[in-house]
Amino acid sequence: LLSVAAVREALGGPGGFWADVRVVETTGSTNADLLAEAGRGLAEGAVLAAEAQSAGRGRLGRTWVSPPRAALTFSVLLRPKAVPAGARGWIPLLTGVAVAAALRAEAAVDARLKWPNDVLAGAAKLAGILAEQSGDAIVVGTGLNVSTRRDELPVPQATSLALEGAATTDRARLLARVLTEFEHRYRAWTGHRGDADGSGLRQEYRGRCATLGRPVRVTLPGGRIVEGTAAEIDPAGRLVVGSAASDVTVSAGDVVHVR
């Protein structure tokens, strides 16, 4: 089982932002579990990891599956009360930046970001992120393929740290580093009341984003398709797609990098 003690030790012991770190053998969904606890008043800074999820959730209603102990699947509970509602769309992007930074630092993997919330190694998906809100609470779940073998991956376009020749696949080290990188950026962002420019978050996201400058095809909620070049990430974290007709600002959608 993923060692809570090892994660806490790597985080620097008790008393920090991540005051409640738990690991369970199996659950339906760590996001669903923390959302339920948030409704009962659980404080910000809780972390729940699971060795296996039977009803893991991905974006757009998709399921997320992984062999037990082959991935790092965890959720965190946030209550960014100082941040206006319109700026909270940055949370999954901030999470992606933290994951990418941690993977570069700990695993020596050149991780990049696909808008809005995939982490890539080359063109292949290493991790996915899902943020869900209930009241003033936001729960962010991350699923990172760590030691997953090629024949265990759910889609051919996915990869794992082991397959990428990572410097480490120690999940306790990786989780602690992700949490550390997240806390640093989250404190800066909330300290600036959700201002992604003032906190430096937008600049860092743009620098790590593999989507910008590429031809993309975006399927919007409702089925409309937008094609063009990913031109910018706006101050609200939305993707600006430059097309022949006009620029289209996308707040949610399924993005394909067109080769």
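In this text, all values refer to a predicted model and were calculated from it rather than measured experimentally.
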J.: Side chain of Arg171, backbone of Ala71: donor and acceptor closer than 3.5 Å?
T.: yes
J.: Consider only side-chain heavy atoms of I, L, V, M, F, W and Y, link residues closer than 4.5 Å, and tell whether Val240 and Leu212 are in one cluster.
T.: no
J.: Between Val250 and Arg238, does a side-chain contact (heavy atoms from CB on, under 4.5 Å) hold up when you go through it step by step?
T.: CA-CA 6 Å; Val250 179; Arg238 300 172 299 185; 5.9 Å; no
J.: Are Ile129 and Asp118 close enough that some pair of their side-chain heavy atoms sits under 4.5 Å apart?
T.: no
J.: Hey, does the side chain of Trp115 reach the backbone of Ile233 with a donor-acceptor pair shorter than 3.5 angstrom?
T.: no
J.: Within a strict 4.5 Å, meaning less than it, do heavy atoms of the Val23 and Leu48 side chains meet?
T.: no
J.: Using the ring-ring contact (aromatic ring centres under 6.0 Å, His included) criterion, which residues pair with Tyr186? Sequence neighbours excluded.
T.: Phe17, Phe182
J.: Could you give all pairs that pass the side-chain hydrogen bond (donor to acceptor under 3.5 Å, both in side chains) test and reach residues 101-113, with sequence neighbours left out?
T.: Arg104-Asp110, Glu106-Arg173, Glu106-Arg177
J.: Count I, L, V, M, F, W, Y as connected when their side-chain heavy atoms are under 4.5 Å apart, and connections chain through other members. Are Val178 and Leu120 then in the same cluster?
T.: no
J.: Look at the side-chain heavy atoms of Ile, Leu, Val, Met, Phe, Trp and Tyr, link any pair under 4.5 Å apart, and say whether Leu144 and Leu1 land in one connected group.
T.: yes
J.: When you measure from the side chain of Arg88 to the backbone of Pro80, do you find a donor-acceptor pair of N or O atoms at a distance under 3.5 Å?
T.: yes
J.: Kindly say whether Leu163 contributes a backbone atom to a donor-acceptor pair with the side chain of Ser160 at under 3.5 angstrom?
T.: yes
J.: Locate the shortest heavy-atom distance separating Val97 from Arg185; write the atom from each residue and the value.
T.: CG1-NE, 3.3 Å
J.: Is the backbone of Gly45 close enough, under 3.5 Å, to the side chain of Trp18 for a donor and an acceptor to pair up by distance?
T.: no
J.: Mind checking the CG-CG spacing from Leu72 to Leu174? Nearest 0.5 Å is all I need.
T.: 6.5 Å
J.: Going from CD1 on Ile91 to CG on Leu78, what distance comes out if it is rounded to the nearest 0.5 angstrom?
T.: 5.5 Å
J.: Following the transitive rule for hydrophobic clusters with a side-chain heavy-atom cut-off under 4.5 Å over Ile, Leu, Val, Met, Phe, Trp and Tyr, establish whether Val226 and Val216 coincide in one cluster.
T.: yes
J.: Considering residues, nucleotides and ligands other than Arg217, do more than 12 of their heavy atoms fall under 6.0 Å from its CZ?
T.: no
J.: Please name the pair of heavy atoms, one in Ser243 and one in Val248, separated by the smallest distance, quoted to 0.1 Å.
T.: OG-CG2, 4.4 Å
J.: Could Glu44 and Lys81 be called an ion pair, given the rule that one side-chain N must be under 4.0 Å from one carboxylate O?
T.: no
J.: Are the side chains of Thr73 and Thr142 in touch, meaning some heavy atoms are under 4.5 Å apart?
T.: no
J.: Could you tell me which non-hydrogen atom of Arg193 sits nearest to which non-hydrogen atom of Pro84, and how far apart they are?
T.: O-CD, 3.2 Å
J.: Mark yes or no for whether Glu51, through its side chain, and Leu2, through its backbone, hold a donor-acceptor pair below 3.5 Å.
T.: yes
J.: Whether the side chain of Gln133 engages the backbone of Gly135 through a donor-acceptor N/O pair (distance < 3.5 Å, no angle test) should be reported.
T.: yes
J.: Just by modelled atom types, is the Thr30 backbone N or O under 3.5 Å from a matching donor or acceptor in the Gln53 side chain?
T.: yes
J.: Under a 4.5 Å side-chain heavy-atom rule over Ile, Leu, Val, Met, Phe, Trp and Tyr, are Leu239 and Leu220 clustered together?
T.: yes
J.: Would you find a donor on one side and an acceptor on the other, under 3.5 Å apart, between the side chain of Asp136 and the backbone of Arg79?
T.: no
J.: Can you name the nearest heavy-atom pair linking Ala38 to Leu77, along with the distance?
T.: CB-CD1, 3.7 Å
J.: List the steps and the verdict of side-chain contact (heavy atoms from CB on, under 4.5 Å) for Asn145 and Leu153.
T.: CA-CA 8 Å; Asn145 297 321; Leu153 292 168; 3.8 Å; yes
J.: Which atom names give the shortest non-hydrogen contact between Arg69 and Ser147, and what distance separates them?
T.: O-OG, 3.9 Å
J.: Using the rule given for side-chain contact (heavy atoms from CB on, under 4.5 Å), can you reason through Arg206 versus Glu232, listing the C-alpha separation, both sets of side-chain angles and the distance that settles it, and then say yes or no?
T.: CA-CA 8 Å; Arg206 292 175 77 256; Glu232 184 57 282; 2.6 Å; yes
J.: Measuring only between side-chain heavy atoms, which start at C-beta, is Asp254 closer than 4.5 Å to Val218?
T.: no
J.: What residue among Val119, Thr159, Leu161 forms side-chain contact (heavy atoms from CB on, under 4.5 Å) with Val109?
T.: Leu161
J.: With Glu132, which of Leu35, Leu34, Val140 fulfils side-chain contact (heavy atoms from CB on, under 4.5 Å)?
T.: Leu35
J.: Under the side-chain hydrogen bond (donor to acceptor under 3.5 Å, both in side chains) test, which residues partner Thr190, sequence neighbours left out?
T.: none
J.: Could you check whether any side-chain N or O of Asp234 sits under 3.5 Å from a backbone N or O of Gly237, counting only pairs where one atom can act as donor and the other as acceptor?
T.: yes
J.: Give the minimum heavy-atom separation between Leu113 and Gly96, together with the two atoms involved.
T.: CD2-O, 3.3 Å
J.: Apply side-chain contact (heavy atoms from CB on, under 4.5 Å) to residues Val241 and Asp247 and explain how you reach the verdict.
T.: CA-CA 6 Å; Val241 179; Asp247 288 353; over 6 Å; no
J.: Decide if atom CD of Glu25 counts as having more than 12 heavy atoms of other residues, nucleotides or ligands within a radius under 6.0 Å.
T.: yes
